[in-house]
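To keep things clear, I will list the structure first and then write my remarks on it.
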Amino acid sequence: MPAVTQLRGVGPNIAEKLQRLNITEVEDLLFHLPLRYQDRTQVVRIANLRAGMEALVEGEIQHTELTYRKRRMLL
């Protein structure tokens with residue numbers, strides 16, 4: 001299996017950081033799983049949200065407005 005240093009954009013600095021995670025080969029990188037999984041396939045209605053809940057919601061922007069105060073702001 002090829003080393004991660006053969007991947008485009010992986011130089012000595014990134015290779016060193018990956019080494020700390022015991023990732024030296026491309027195969028190691030492919031099987032490195034995240035600490036937690038966020039399910040982004042289930043859209044939750046805003047009315048069903050609870051405090052502290054992480055969820056994917058969907059909405060539609062009805063109106064936008066630019067205003068100039070100390071700096072330009074999007075309302």
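Around CZ of Arg72, the count of heavy atoms belonging to other residues, nucleotides or ligands within 6.0 Å does not exceed 12.
Separating the CG atom in Leu75 from the OG1 atom in Thr64 is a distance of 9.0 Å, to the nearest 0.5 Å. A distance of 6.0 Å separates CD of Gln19 from OG1 of Thr24, quoted to the nearest 0.5 Å. Between Asn22 atom CG and Asp28 atom CG the span is 8.0 Å, to the nearest 0.5 Å. One distance of note links CD1 of Ile23 with CD1 of Ile14; it measures 12.0 Å at 0.5 Å rounding.
Alongside Leu33, the hydrophobic cluster contains no other residue (criterion: ILVMFWY side chains under 4.5 Å). The other residues sharing a hydrophobic cluster with Val57 are Val44, Ile46, Leu49, Met53, where clustering joins ILVMFWY side chains under 4.5 Å apart.
Taking all atoms of both residues into account, the shortest heavy-atom contact from Val26 to Ala3 is CG2-O, 3.9 Å.
In this structure, Val4 is a member of the same hydrophobic cluster as Leu30, with clusters built from ILVMFWY side-chain heavy atoms closer than 4.5 Å.
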